[in-house]
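For reference, the structure is listed below as C-alpha cells.
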Amino acid sequence: MTKVAFIGSGKIGQTIAFNTIMGGYIDEAVIYDIIPELPEKFEHELRHALASRKLKVEVLGTNNIEDVNGADIVVITAGKPRKPGMSRRDLFVDNAKIMIDLADKLAKRNRGALYIMVANPVDMMASVFTKYSGEYTISTGDQVETMRMRSYIAKKLKIQVTDVNGYVGGEHGEDAVVLWSTVTVKGKPFDESMGVSKDEVEEYVKKIPGEIIRVMGGTTWGPGTIIEEIIRAVALNENKVMSIAFPHKYEDEIIHVSEPVVVGRSIGPSLEPLLDEKDRWHLMASIKDFYSVYKENLKQLEQSLTAKQ
C-alpha cells in the first residue's frame with residue numbers, strides 16, 4: 001500500500017497529482033490546499049478520470065491539513081509561484097514562512113515519510129523544510145534541467161531523445177551546470193563536432209524556463225511529468241539514477257544541491273565520485289555558493305519573523 005499526499009493544488013500541483021494518480025501505482029492520494037473547495041472539486045475531476053481509466057485509487061480532496069496523515073510520500077508544491085522577471089531566489093522569505101508552517105503541521109502526522117519539495121526556490125525550500133521538520137526531504141532539483149538538456153541535444157542533432165544520456169547538477173535554476181563528463185550521444189562521449197556547442201546547450205537549459213513563463217505564465221507540463229517520474233521511482237523502488245537534490249551536511253547547515261544519485265525508497269549512493277575533476281569542481285562551487293546565499297536568506301527570514309512578533 002502506497003499513500004501519497006499532495007500539498008498544494010495549483011497548476012503544477014494538479015499536473016503532478018494527475019500524472020501520479022493516473023499512473024495506477026499508488027493506492028491512496030490526499031490532495032490538500034487552503035483555497036476553499038479547490039481540492040474537493042479537483043477530487044471529483046480525478047474520480048471521473050479514474051472511472052474512465054478503470055483504476056482503483058482512493059482520493060480525498062481537503063482543506064483540513066489534519067486529513068494529511070500516515071503518508072508514505074509527501075509532495076509539496078504549496079507556495080507563491082515564480083512570475084515573469086523574477087528569479088527563484090526572490091521567493092525565498094515568503095515561501096520559507098509557508099514551509100515552516102507546513103513543517104510544524106505535517107511532520108507530526110507523517111513521521112518517516114519521504115518529503116519531495118517542488119515549491120521554489122526548490123533546493124532552498126527543501127533545506128528550510130528539513131531544518132524545521134527534522135524529516136528526510138529531497139528536492140526535485142535538476143532532474144527537470146537534465147531532461148531539458150537531453151531534449152535539446154536530441155532536437156538539434158535530429159535523433160531520438162533516448163539516444164542522449166547525461167545529467168545536470170548544482171542548484172536548480174540559473175546556476176545549474178551541465179555535467180559534461182556524463183553526457184553521451186548514442187553511447188559515445190559528447191563532442192561539439194556532433195553538431196551542437198556546449199555553450200548553446202547550457203544557454204538553452206538556463207533561458208528556456210523564463211521564456212516559457214513569459215509566454216505561457218508558468219512551466220507546467222514538462223516539470224509535472226518529470227516530477228511524477230521521481231515519485232514513481234520512490235513509490236516503486238526503481239533505484240534509477242536521477243539528478244535530484246538530497247541532504248548534504250556543509251559547515252553548520254543541511255543543504256540541498258543536485259547530483260546524479262540512485263533514487264528508490266531510499267536515496268543513494270551518489271555518482272559524484274565517478275565524475276571527472278572539472279564536474280566535481282563545479283558541484284563544490286555550487287555548494288559553496290548555495291551555502292553563502294542560503295545563510296543570507298536565513299538572516300532575512302529571521303529578521304522578518306522577529307519583526308512579526
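Basis for what follows: all heavy atoms, side chains included, without hydrogens, waters or symmetry-related copies.
Within the structure, the ring pair (Phe, Tyr, Trp, His ring centres under 6.0 Å) test picks out the following pairs touching residues 111-142 (sequence neighbours left out): Tyr115-Phe129. Applying the salt bridge (charged side-chain N to carboxylate O under 4.0 Å, His left out) test to every pair with at least one member in residues 24-38, sequence neighbours left out, gives these pairs: Lys3-Glu28, Glu37-Lys41. Under the salt bridge (charged side-chain N to carboxylate O under 4.0 Å, His left out) criterion, no residue pair touches residues 5-25, with sequence neighbours excluded.
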Please test Ser181 against Lys278 for side chain to side chain donor-acceptor pair (under 3.5 Å), starting from the C-alpha separation and ending with a verdict.
CA-CA 8 Å; Ser181 66; Lys278 187 175 182 180; over 6 Å; no
Check the pair Ile34, Asn63 against side chain to side chain contact (heavy atoms under 4.5 Å, CB included), reporting the backbone distance first and the verdict last.
CA-CA 5 Å; Ile34 62 171; Asn63 291 126; 5.7 Å; no
Dump the intermediate steps for side chain to side chain contact (heavy atoms under 4.5 Å, CB included) on Leu157 and Met194, then the final yes or no.
CA-CA 7 Å; Leu157 300 185; Met194 292 173 173; 4.2 Å; yes
Output, in order, the C-alpha distance, side-chain angles, deciding distance and verdict of side chain to side chain contact (heavy atoms under 4.5 Å, CB included) for Val196 and Val201.
CA-CA 7 Å; Val196 61; Val201 174; 3.8 Å; yes
Can you list the steps and then say if Asp72 with Thr2 is a side chain to side chain donor-acceptor pair (under 3.5 Å)?
CA-CA 6 Å; Asp72 301 294; Thr2 301; 4.9 Å; no
Using the rule given for salt bridge (charged side-chain N to carboxylate O under 4.0 Å, His left out), can you reason through Arg47 versus Glu43, listing the C-alpha separation, both sets of side-chain angles and the distance that settles it, and then say yes or no?
CA-CA 6 Å; Arg47 287 183 178 276; Glu43 175 194 325; 2.9 Å; yes
Let me see the working for Glu277 and Trp281 under side chain to side chain contact (heavy atoms under 4.5 Å, CB included), right down to the final yes or no.
CA-CA 6 Å; Glu277 187 175 343; Trp281 182 89; 5.6 Å; no
Mind running side chain to side chain donor-acceptor pair (under 3.5 Å) on Thr62 and Asp67 for me, showing each step along the way?
CA-CA 7 Å; Thr62 181; Asp67 289 331; 2.6 Å; yes
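Cluster membership for Ile16 and Met242, using ILVMFWY side-chain heavy atoms within less than 4.5 angstrom, is shared. Residues Ile244 and Tyr250 do not share a hydrophobic cluster, clusters being chains of Ile/Leu/Val/Met/Phe/Trp/Tyr side chains in contact below 4.5 Å. Both Val118 and Leu114 are part of a single hydrophobic cluster, where members link through side-chain heavy atoms under 4.5 Å apart. Side-chain heavy atoms closer than 4.5 Å link hydrophobic residues (I, L, V, M, F, W, Y) into clusters, and following such links, possibly through other members, connects Val122 to Val293. Under the 4.5 Å side-chain heavy-atom criterion for Ile, Leu, Val, Met, Phe, Trp and Tyr, Ile208 and Val177 are members of distinct hydrophobic clusters.
Remark: Arg111 pairs with Glu135 by the salt bridge (Lys or Arg N to Asp or Glu O under 4.0 Å) rule, at least two apart or across chains. Legend: residues meeting side chain to side chain contact (heavy atoms under 4.5 Å, CB included) with Glu296, ordered by chain and number and at least two apart, are Lys299. In this structure Asp101 satisfies the salt bridge (Lys or Arg N to Asp or Glu O under 4.0 Å) test together with Lys105, sequence neighbours excluded.
Atom CD of Glu192 sits about 9.5 Å away from atom CD of Glu200, to the nearest 0.5 Å. Rounding to the nearest 0.5 Å gives a distance of 11.0 Å between CD1 of Ile213 and CE of Met216. Here the straight-line distance linking atom CD1 of Ile226 with atom OG1 of Thr15 works out to 12.0 Å at 0.5 Å rounding. Annotation: the span from Ile31 atom CD1 to Leu38 atom CG amounts to 9.5 Å, rounded to 0.5 Å. The CG atom of Leu55 sits 12.0 Å away from atom OH of Tyr25, with the distance rounded to the nearest 0.5 Å.
Across all non-hydrogen atoms, the minimal contact from Gly141 to Ser258 is CA-OG, 3.2 Å. Nearest heavy-atom pair across Ala78 and Ala119 is O-CB, 3.2 Å. Smallest separation of non-hydrogen atoms from Ala17 and Phe6: CA-CE2, 3.7 Å. Of all non-hydrogen atoms in Ile212 and Gly218, the two that sit nearest each other are CG2-O, 3.6 Å. Contact detail for Leu50 and Ile21: the closest heavy-atom pair is CD2-CG2, 3.8 Å. In terms of heavy-atom proximity, Ser243 sits nearest to Gly169 at OG-CA, 4.1 Å.
Salt bridge status for Glu228 with Arg232: present, with a side-chain N to carboxylate O gap under 4.0 Å.
With a 4.5 Å cut-off on side-chain heavy atoms, Lys97 and Leu305 count as touching. Looking at Asn297 and Val93, their side chains never come closer than 4.5 Å, going by heavy atoms from C-beta outward. Two residues are said to be in side-chain contact when any heavy atoms from C-beta on lie closer than 4.5 Å; Met117 and Met99 meet this criterion. Inter-residue side-chain proximity for Val168 and Arg148 is flagged as unmet; no heavy-atom pair is nearer than 4.5 Å. A 4.5 Å side-chain heavy-atom check between Val185 and Ile153 finds at least one atom pair inside the cut-off. Looking at Val261 and Pro269, their side chains never come closer than 4.5 Å, going by heavy atoms from C-beta outward. At a threshold of 4.5 Å between non-hydrogen side-chain atoms, the residues Val164 and Phe190 do not count as touching. Taking the side chain as every heavy atom from C-beta outward, Ile26 and Thr20 approach each other to under 4.5 Å.
Side chains of Thr184 and Asn165: a donor-acceptor N/O pair is absent below 3.5 angstrom, by distance only. In this structure, a donor-acceptor pair under 3.5 Å is present between the side chains of Ser193 and Asp191.
No more than 12 heavy atoms of other residues, nucleotides or ligands shown are found within 6.0 angstrom of NZ on Lys155.
When atom types are taken as modelled, the side chain of Glu238 and the backbone of Gly264 share no donor-acceptor pair closer than 3.5 angstrom. Of the possible polar contacts, none joining the Asp175 side chain to the Glu171 backbone as a donor-acceptor pair under 3.5 Å is found. Under a 3.5 Å cut-off, the side chain of Ser52 and the backbone N or O of His48 do not form any donor-acceptor pair. Judged by distance alone, the side chain of Asn237 and the main-chain N or O of Val234 form no donor-acceptor pair under 3.5 Å. The main-chain N or O of Asp289 is never found under 3.5 Å from a side-chain atom of Ser292 such that the two would form a donor-acceptor pair. The backbone N or O of Trp180 sits less than 3.5 Å from a side-chain atom of Asp279, completing a donor-acceptor pair.
The only option from Val257, Ile254, Ile267, Ile255 that meets the side-chain contact (heavy atoms from CB on, under 4.5 Å) definition with Pro247 turns out to be Ile254. A side chain to side chain donor-acceptor pair (under 3.5 Å) with His248 holds for exactly one of His256, Glu253, Glu259; it is Glu259.
Aromatic pair Phe42/His44: ring centres not closer than 6.0 Å.
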